[in-house]
Amino acid sequence: VQLQASGGGSVQAGGSLRLSCAASGRTFSGYTYGWFRQAPGKEREFVATIVWIGGSTVYADSVKGRFTISRDNAKNTVYLLMNSLKLEDTAVYYCASGSALYFLRDPGQYPYWGQGTQVTVSS
């Protein structure tokens, strides 16, 4: 599985961004996709995950109600819509995938990773 993340950028606090993660190389049913982020000096942390079959989602408490993870079957793409962005959302965001039919929150459970995309929120 190859993953290509895009959509990062700079935005003012309160603004919005949509990240995309285009997947290729293997069938997507039977996979779970996740978004993680890593700020300077911090460990990579879970943001959101979606099970491809059925579309069930789980979010980190820090982003619940502000971020939305979704998928487009036709485009083999997973999105992360980020609203009401805060300064503390600044990080490099990574998409990942793993063969599972349930939620995966631990980055060690994901064997496939895209390159990161920088999100910078300023005041």
Side-chain angles (χ1 to χ4, degrees):
V1 177
Q2 292 80 45
L3 304 173
Q4 180 72 37
S6 61
S10 297
V11 64
Q12 288 191 322
S16 298
L17 281 174
R18 189 181 76 161
L19 305 183
S20 300
C21 178
S24 62
R26 187 167 291 191
T27 180
F28 306 102
S29 61
Y31 274 72
T32 290
Y33 290 78
W35 285 98
F36 292 80
R37 66 187 182 187
Q38 188 165 18
K42 295 188 177 181
E43 293 186 352
R44 190 167 298 189
E45 66 171 352
F46 166 75
V47 175
T49 181
I50 184 167
V51 181
W52 194 268
I53 296 178
S56 298
T57 59
V58 170
Y59 298 90
D61 288 343
S62 59
V63 307
K64 199 173 296 182
R66 300 188 297 120
F67 290 12
T68 303
I69 187 171
S70 62
R71 78 215 191 294
D72 185 323
N73 290 355
K75 296 183 178 180
N76 295 328
T77 299
V78 175
Y79 301 99
L80 185 69
L81 175 61
M82 306 183 294
N83 294 324
S84 302
L85 282 162
K86 303 177 180 180
L87 297 179
E88 53 264 40
D89 294 320
T90 295
V92 177
Y93 283 71
Y94 298 88
C95 63
S97 69
S99 178
L101 297 176
Y102 46 86
F103 303 122
L104 300 175
R105 305 188 201 205
D106 184 345
Q109 296 174 301
Y110 287 87
Y112 307 108
W113 290 83
Q115 88 290 0
T117 185
Q118 176 71 47
V119 171
T120 302
V121 184
S122 60
S123 58

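FYI, the numbering just counts along the sequence from 1.
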Query - Qualifying residues under side chain to side chain donor-acceptor pair (under 3.5 Å), relative to Arg71, sequence neighbours excluded - result: none
Query raised in the report: Can you list every pair that meets disulfide (SG to SG under 2.5 Å) and has a residue in residues 86-123, with sequence neighbours left out?
Result: Cys21-Cys95
Report summary line: Sequence neighbours excluded, the answer for salt bridge (charged side-chain N to carboxylate O under 4.0 Å, His left out) partners of Asp106 is none
Query raised in the report: Please, which pairs that meet salt bridge (Lys or Arg N to Asp or Glu O under 4.0 Å) have at least one residue in residues 32-52, sequence neighbours excluded?
Result: Arg37-Glu45, Arg37-Asp89
Report task. Give the C-alpha distance, both sets of side-chain angles, the deciding distance and a yes or no for side chain to side chain contact (heavy atoms under 4.5 Å, CB included) between Asn73 and Trp52. Result -> CA-CA 9 Å; Asn73 290 355; Trp52 194 268; 3.4 Å; yes
Query - Over all atoms of both residues, closest heavy-atom pair of Val63 and Val47 - result: CG2-O, 3.5 Å
List the atom pairs, donor and acceptor, that lie under 3.5 Å between side-chain atoms in residues 3-13 and the rest of the protein, sequence neighbours left out.
none

Report summary line: In short, salt bridge (Lys or Arg N to Asp or Glu O under 4.0 Å) pairs touching residues 12-24 with sequence neighbours left out are none
Side-chain atoms of residues 78-85: list all donor-acceptor pairs with protein atoms under 3.5 Å, sequence neighbours left out, distances to 0.1 Å.
unit_1: Asn83; atom_1: OD1; unit_2: Ser16; atom_2: OG; d: 2.7

Query - Residues that Tyr93 engages under ring pair (Phe, Tyr, Trp, His ring centres under 6.0 Å), provided they are two or more places apart - result: none
Requested in this report: Could you tell me which non-hydrogen atom of Ser97 sits nearest to which non-hydrogen atom of Val1, and how far apart they are?
Outcome: OG-CG1, 3.6 Å
Requested in this report: Spell out, as yes or no, whether a donor-acceptor pair under 3.5 Å connects the side chain of Thr57 to the backbone of Ile50.
Outcome: no
Report task. List the atom of Ser62, the atom of Arg66, and the distance in Å for their closest heavy-atom pair. Result -> O-NH2, 2.9 Å
Report summary line: Thr120 meets the side chain to side chain donor-acceptor pair (under 3.5 Å) criterion, sequence neighbours left out, with Gln118
Report summary line: For Trp113, the hydrophobic cluster (side chain heavy atoms closer than 4.5 Å, chained through members) also holds Phe36, Phe46, Val51, Val58, Val92, Tyr94, Tyr102, Phe103, Leu104, Tyr110
Query raised in the report: Which heavy-atom pair separates Ala39 from Ala91 by the least distance, and what is that distance?
Result: N-CB, 3.9 Å
Query raised in the report: Does the side chain of Tyr31 reach to within under 4.5 Å of the side chain of Tyr112, using non-hydrogen atoms?
Result: yes
